[in-house]
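Below is one structure, written out as structure tokens; the observations come after it.
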Amino acid sequence: MSTLPQLNLFTVVLIPFIGAALIALAGTHRALREGLSWSSSIVFFLAVMGLLVAFLDGDSASQTVWEIMPGLAIAFRLEPLGMLFAAMSSTLWVLATPYAIGYMNAKGYSNLGRFFACYAIALGAAAGIAFADNLFTLFVFYEILSVSTYPLVAHTGDNKAKQGARTYLALLLATSIGLMLPAMIWVWTATGTLDFADGGILAGQVSPAAGAVLLVLFMYGTGKAALMPFHRWLPAAMVAPTPVSALLHAVAVVKAGVFVVLKIAIYVFGLDYLRELATSDVMLYIAAFTMLAASLVAIRQDNLKARLAYSTVSQLSYIVVGAMLAVQLSAIGGGMHMLMHGFGKITLFFCAGAIYVASGKTKVSEFDGLGRRMPVTFFAFFIGALCVIGLPPTGGIWSKWHLVAGAFDAGHTAIMLAFMLSTLLNIGYLLPPVARAFLRPLPEGERSGFNEAPWMCVIPLALTALGTLVLFAMAQSAFDLLGGMFGPVA
Amino acid sequence: MKLARIIEFLISKRSLLAVIMLVLMAALVLADIILPPAYTRFPWEAISGFAAFFGFVACAALIFFSRFLGEWLLYRDEDYYDDHE
Amino acid sequence: MTITELMPFSVLVPLIASLVCALLPGRFWPWAVTLVATITSAVIAAITLPAAAQVTLSYAFGNWPPPIGIEYRVDAANAFVALLVAGMAAVALPWAKKSVDREVPERQGAFYALFLLALSGLLGITLSGDAFNIFVFLEISSLATYGLIAHGSDRRALLASFRYLIMGTVGATFLLIGIGFLYVMTGTLNLADLAERLPEVRDTSTVRAALAFIIVGMGLKLAMLPLHLWLPNAYTYAPSFVTVFLAGTATKVALYVMLRFVFTVFAPDWSFVVLPLSTVLMILAVAGMFAGSWVAMFQPNIKRMLAYSSVAQVGYMVLGVSLVSIVGLTAAFLHLFNHALMKTALFMAVGTVIYQVGSGHLKDFRGLGRTMPWTLTAFALAGLSIIGVPLTAGFVSKWYLIQAALDQGQWFLVVLILITSLMAIVYIWRVIEAAWFQERPGNQPAAGEAPLALLIPTWVLVALNFYFGIDTRLTVGGATAAAEALLGGGMAP
Amino acid sequence: MITSDWIHPSLVLIAGTLVVPLLKGRAMQTWMVLLPLAVLGVLWLAQPGEYGQMAFLGMELVTGRVDDLSMVFGWVFSTVLLIGAIYALHVNDQVQHVAAFLYGASALGVVFAGDLITLYVFWELMVITSVWLIWRRGSEVSFNAGFRYLVIHAVGGVVLLAGIIMFQFETGTTRFDQIDADGPAFWLILAAFMINAAVPPLHAWLTDAYPEATVTGAVFMSALTTKTAVYTLIRGYPGTEMLVWLGAFMTLYGVTFAMLSNDIRRLLSYHIVSQVGYMVAGVGLGTALALSGSASHAFTHILYKALLFMGAGAVIHMTGRSKLSELGGLYRYMPWTFVLYLVGGVSISAFPLFSGYVSKTMIVEAAAVDGRALIWLMLAVASAGTFLSTTLKLPYKTWLGEDSGLRPQEAPWNMLLAMSIAAALCFLIGIFPGLLYALLPEPVDFDAYTMSVFLKEMQLLLFTGLAFCLLLKYVGGGPKISLDVDWLYRRGGPRLISATGTAIVTADRAVRRVALGQLMRLTSHMERKHGRDGKLAKSWPIGSMALWTAIVLAMLLTFGVWR
């Protein structure tokens, strides 16, 4: 068996929270704080891996922590999608920790105790979302995630940061409380349960019209999935320090959003029922529109982080499309894209941050010749970009493959076309930074010579880039895992 | 630079070379007339020297047609695309 | 001594203690006596509740049997409210010491005596099974409250108190008129007897008028829109401790009285038919929810903002009542309880800021998040509860309220509840933003963290907000029992 | 991908390439020569069969399929990698070397792919590796051209992806044999292949990008991308009637536009289009002879086209100029380059004794056997045109003609060596066509060296030459560029994208500005109205309170009591 610890789910979720409390207490004591950040991420990682090993062996843990009201409980259960999400977040947290430490120290930020504590809480909340066994638990951790990331977004403390953070929180809270909560209550009244169940809980319980409305409520209620027109928070959140943008706005927060979308599509609606709904096509096309429109906006962004943010908006819609296509292939593709895009996009953000740390440059138009000074960073950026675009030899190709195949399977040729167009647009905005950096000469008067960011930043980004390559070959594992959502894979 | 001298020598004898070539070409056509056509899958395969004629006409046609196409439609200044990119 | 015999002491102890208190000099002893008396009272209430949930307790004063003597009659509903009132008072008092020392430096004996009077009045209203007795206790508590409010250091406190006095008196008078009508028609003042005899005479306009007067009278004390106009100023200018106490108790008791009359004295199948009560209450509740939240969003004075928020929260309770169902009433009782928790915590946090900074204006909150993190965090967390974030008490009561609305098929109510919740986010957010995301202006006094004497009670309440958001057995159980007691076919013998 | 009797050549190449960045100077040069040799060795050992089967993501992969057809391409790709590597030995840019080898590995991966998934993966890898060979030229022009190249191929890639997915759903397999699907799957995959095969109007990426590639990179590019496409067409679409006509059209299109070109490598690029046209037409004819012709023409074409690009590249490398109008009279200074180039020229023109002759005539013969008169004539015109521009016009204007005043050195030894190897191979195949024919999948029932074929070809070529000499002054040219379908995406596409983007951004901004503006106005209005002294919030006089109380009471009494 395994030498890894087998903890119950709630304990695993608690680890980052405990870590956060300790980090907050460590406060300004730098060594202690960093040590705790490291150790909580590693302990969490090991705990999740322990779960993963057991899960792959066929154990399916579930746990009801507390029943708040009859039928309304904080409860956790392991299922494939959540396992994948948790495994991804925990892995990337381990990699993001040194990066965050390196970055925040290099840029001389203060208030780091709060920063790392909130960072940890966000991860804990993500884990809570991943393991949630019912909508209520999911909602609770979803809100914790929104609130805990607010101080991170506003960390810089200037007016722009506050403004961005305000947009961020306002949109996330307004959508979740205004739309998701009522939808949740509606489900509760209609079905008497909020538990996730294979095949969904809504089929036959609500009228088709009500189901259609519920779908819209859920999709827009999940503000973190950044479906247009509720996508503004994501670009606004880019005022955050880059480690936040990287781990949270490429992985934990936004993936939590699409994770919720997938989870609701699969376990609340059920794919079969979802297909019958009048609005599933509407949402599908809205997502497809988001996918393309966000890409078109991204092309025009000179600021690299803004460009990546819009790219994320676009990529998230891939996954929403995957959910709305409502066939197994696309759902699996969506789940895989969650993973692949996570690795790819975090690499890109890591690189954006490393570039900023090493050269102070944030605009793509200023990147000329930088590749010669920062070859590792830009090569990693190249690999990450390939993954996001969905090209070999990175894992991105397999998730895109399944999404497109799902679109065909569902009979939506127009969506296939949208994916194809989106790929082209992705190339249009992700590769120019690399090409510029490697091909154009450095501007007059700039010092040439090797000048990478601190190794604490460079090593993680190299590792995540490597991760996308490994995922190319290892996609089978993710595929098998996700196939478990629909019973044994044929 | 020996090779360059050979080429130079050949160029200096270009009238002679041209004559040799013309003779060779005449011989080719002659041979075509003398030898019976191996195939007659197409009507023109029976015509002796058709290939020669065709080669000449095709070449002339290409030269004039491409020239016409260029002058009429396709030629642009070399910085044409620079203005717009 | 049985529980039945013990029960009246929760009213009597503060009453007697107030006499002692009025005579005590200095700053410590009046407070100490008050504390002891309040805690005693709260403990008695706590013991009473489980017993009352089982069977209705009845205690006749002076051993005169009910129709003649005064009866204390306690079922789950009033035991629940009594525990709330006494409990909140007990939690507020440790906090009171510092705050009162600062805001009411002199004649504290009288101040605490008034407080105890108000407390015993409120408890008396709650426990009494006699209509006239209810009026008497109402007047006792009201008069004491006017006095307490008038202690506010701001000169406007006097005016606010005066206005409250006028309106309160109007309310009490209306109640008295209603009770008078009933007495004329039935010849009894005992609530149980009233319930028994009313069916014979209830088709008369006198009885209907009695109901109308009682509802308007209690609506005034309850601060139900549009009868709430006295409340903002009273809460704003009263000493912080008084606001803290009133916010958690006074309106709740008024609601209880209204419910007692509407549901048990007049049966709900009568009162909601004879008057368009359901509609009227629902309209007023929704209007209150909106207007209160709306105005709160724009208030520069935080105490005043919270006062308007209270108007909105009263709206939620009345909304629950207007649905006339077990779940609706449960929601009303739950919110009655939970709102006391959250609003008291919020007022305590604001009071703490006032104690440290000397002002409750939004602009004086700027930058306080750094210097008074514990106070402001308490405010933020209690704010979460008032917004109705899951795992807080506020969520539980809103959840039940929404359930009740859905049971009746009232979709639009759910929408309205959620919209007002969003408005709550806005007004709570203003404070959080000022505290953490604005710099403290240079000309403002630098304020340090508040003393523990203020912080601990505040945090106890904050913790309770979360505790009752997670462990809902006591609150939901109590509220359900209370609702069933009211709706379960009148006063059981 | 590795079993005891099969090592995937791509894997060898990729693994070997990973070492390149660690090496320098002489060691790197040695490695660069050894690596393609190793690949040739691996191919030598390869036995026909299917290897590397695996189940992946619910699909059956065959990563290595060795049969005669794939081996033909495998051999020539490896050979040209060796030649190209030698040609590039002097280049001190590891990015280029890495890109070139990975590009070669991808091309090999495509031809050895037994299923469409593997094929797709390598297909895309080919794009992202080869684009660096354009970009590393380092100029602004090549930067942009590289992007256009990338985007067009990305289009091809997504079309292929869609096609394969449809194919998979339709047939339930992803095996790559003849594509026998109906409907969109058939057409999409074909379109993707045709993009890479540079079939007009999908060809402009080639003539746009290759002239802007690096001197050494263009050699690899000329050999690999279009020829993998030819391979896939032979494998997947033999006998598709449409291809006959497209192919014949391509041959003419290429020669016509080549006449208009001023840039020497653009001229040669149009001839790639033209020559690939022969192969495409051969695929379309679909007979055993025609397919053998296509395969062998691809083989010979790779070698002579590489030779031509090497020759042109040497000129560019040594003079820094690439335009006919700026070159001339170089024979004195670069005679070896001149002569070796001419070997390539006569090969492509299909002079007897040179490689093009033994393969092109096979396709033409196949058209004749099929009785396609018009096709035959079109191919004949293209033959004349090929000779005209590659062997007459280009060398004439570059090495002979007016002296441009340039005084370059002869090309470096490694370039000449690489060209010599290629030239030798062209010659060898021309003399011993049996060597080539032996590699082909089907036994070849064709002899190029019959009197009839010889006579016709010689007449055609020599009289073309005559016409050229007579009409020399009418031959077009000059410092001009000619438009092609790339206009559509160089001028039209960017405008469309930027216009759409602008529209979205503007709309988004406008909506947000209006919405936020209204919200702001509303809030400030509300703040005024409902602040401390607002209507709802101000302290009401007692009279008003009493009034409200009275109203409520009156309402209740009115409705409830006196009904």
Side-chain angles (χ1 to χ4, degrees), chain A residues 24 27 65-74 111 114 128 134-144 146-147 150-151 153-159 161-166 169-170 172-190 192 194 210 213 217 221, chain C residues 327 330 334 369-370 373 380-381 383-384 387-393 395-409 411-426 428-430 432-433 436-439 466-473 475-477 479-480:
Chain A
V65 178
W66 187 259
E67 194 157 12
I68 288 185
M69 284 172 253
L72 200 65
I74 297 288
N111 257 337
R114 183 182 80 188
N134 55 36
L135 268 176
F136 176 71
T137 312
L138 187 142
F139 184 77
V140 169
F141 283 100
Y142 183 95
E143 296 296 12
I144 293 178
S146 302
V147 174
Y150 176 86
V153 175
H155 192 83
T156 320
D158 54 18
N159 276 330
K162 280 183 220 152
Q163 189 64 39
R166 207 188 305 195
L169 197 64
L172 289 185
L173 286 185
T175 50
S176 64
I177 294 183
L179 302 171
M180 193 190 208
L181 185 61
M184 189 168 105
I185 294 162
W186 192 343
V187 170
W188 163 263
T189 353
L194 288 176
V213 175
L217 288 179
Chain C
V327 188
T330 306
L334 264 176
R370 295 263 156 83
L381 292 177
L384 290 182
I387 293 165
V389 174
L391 301 190
T392 61
F395 174 77
V396 178
S397 43
K398 274 189 189 160
W399 180 264
Y400 269 87
L401 192 55
I402 288 170
Q403 284 293 307
L406 287 175
D407 282 350
Q408 311 275 325
W411 283 107
F412 69 98
L413 287 182
V414 178
V415 176
L416 295 177
I417 291 167
L418 290 166
I419 290 175
T420 49
S421 298
L422 290 177
M423 290 160 94
I425 295 184
V426 174
I428 294 296
W429 182 251
R430 293 165 69 229
I432 292 176
E433 180 170 314
W436 271 284
F437 298 100
Q438 289 181 6
E439 292 301 318
F466 280 85
Y467 178 76
F468 286 117
I470 295 168
D471 181 355
T472 58
R473 285 172 303 188
T475 48
V476 172
T480 314

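Numbered from 1 within each chain, the chains take letters A, B, ... in sequence-line order. Values reported hereafter were calculated over all heavy atoms of this structure, with side chains retained and with hydrogens, waters and symmetry mates removed.
In this structure, A/Phe136 has its ring center under 6.0 Å from that of C/Phe395.
Residue with the most contacts toward chain A among C/Val396, C/Ile387, C/Val389, C/Val476: C/Val396 (heavy-atom pairs, distance under 4.5 Å). Contact count versus chain C (heavy atoms, under 4.5 Å) is highest, among A/Ile185, A/Val147, A/Leu169, A/Ile144, for A/Ile185.
Contacts between A/Asn111 and chain C at a heavy-atom distance below 4.5 Å involve the side chain alone, from C-beta outward. Looking at A/Tyr150, only its side chain comes within 4.5 Å of chain C, counting heavy atoms on both sides. Using a 4.5 Å cut-off between heavy atoms, C/Ile402 contacts chain A through its side chain alone, with no backbone atom that close.
A/Arg166 has a carboxylate O that lies under 4.0 Å from a charged side-chain N of C/Glu433, or vice versa, which qualifies the two as a salt bridge.
Between C/Pro390 and A/Val140, the closest heavy-atom pair is CB-CG2, 3.4 Å.
Partners of A/Ala170 by side chain to side chain contact (heavy atoms under 4.5 Å, CB included), not counting sequence neighbours: none found. Listed by chain and residue number, C/Val327 satisfy the side chain to side chain contact (heavy atoms under 4.5 Å, CB included) test with C/Asp407 (two or more places apart in sequence, or in another chain). With sequence neighbours excluded, no residue satisfies side-chain hydrogen bond (donor to acceptor under 3.5 Å, both in side chains) with A/Trp186.
With values rounded to the nearest 0.5 angstrom, A/Trp66 atom CH2 is found 8.5 Å from C/Thr472 atom OG1. Here CH2 of C/Trp399 is found 5.0 Å from CG of A/Leu72. Values are rounded to the nearest 0.5 Å.
Taking non-hydrogen atoms and a 4.5 Å limit, the residue list of residues 413-421 of chain C in contact with chain A, ordered by number, reads C/Leu418.
In this structure, the side chains of C/Leu391 and A/Ile74 come closer than 4.5 Å at one or more pairs of heavy atoms.
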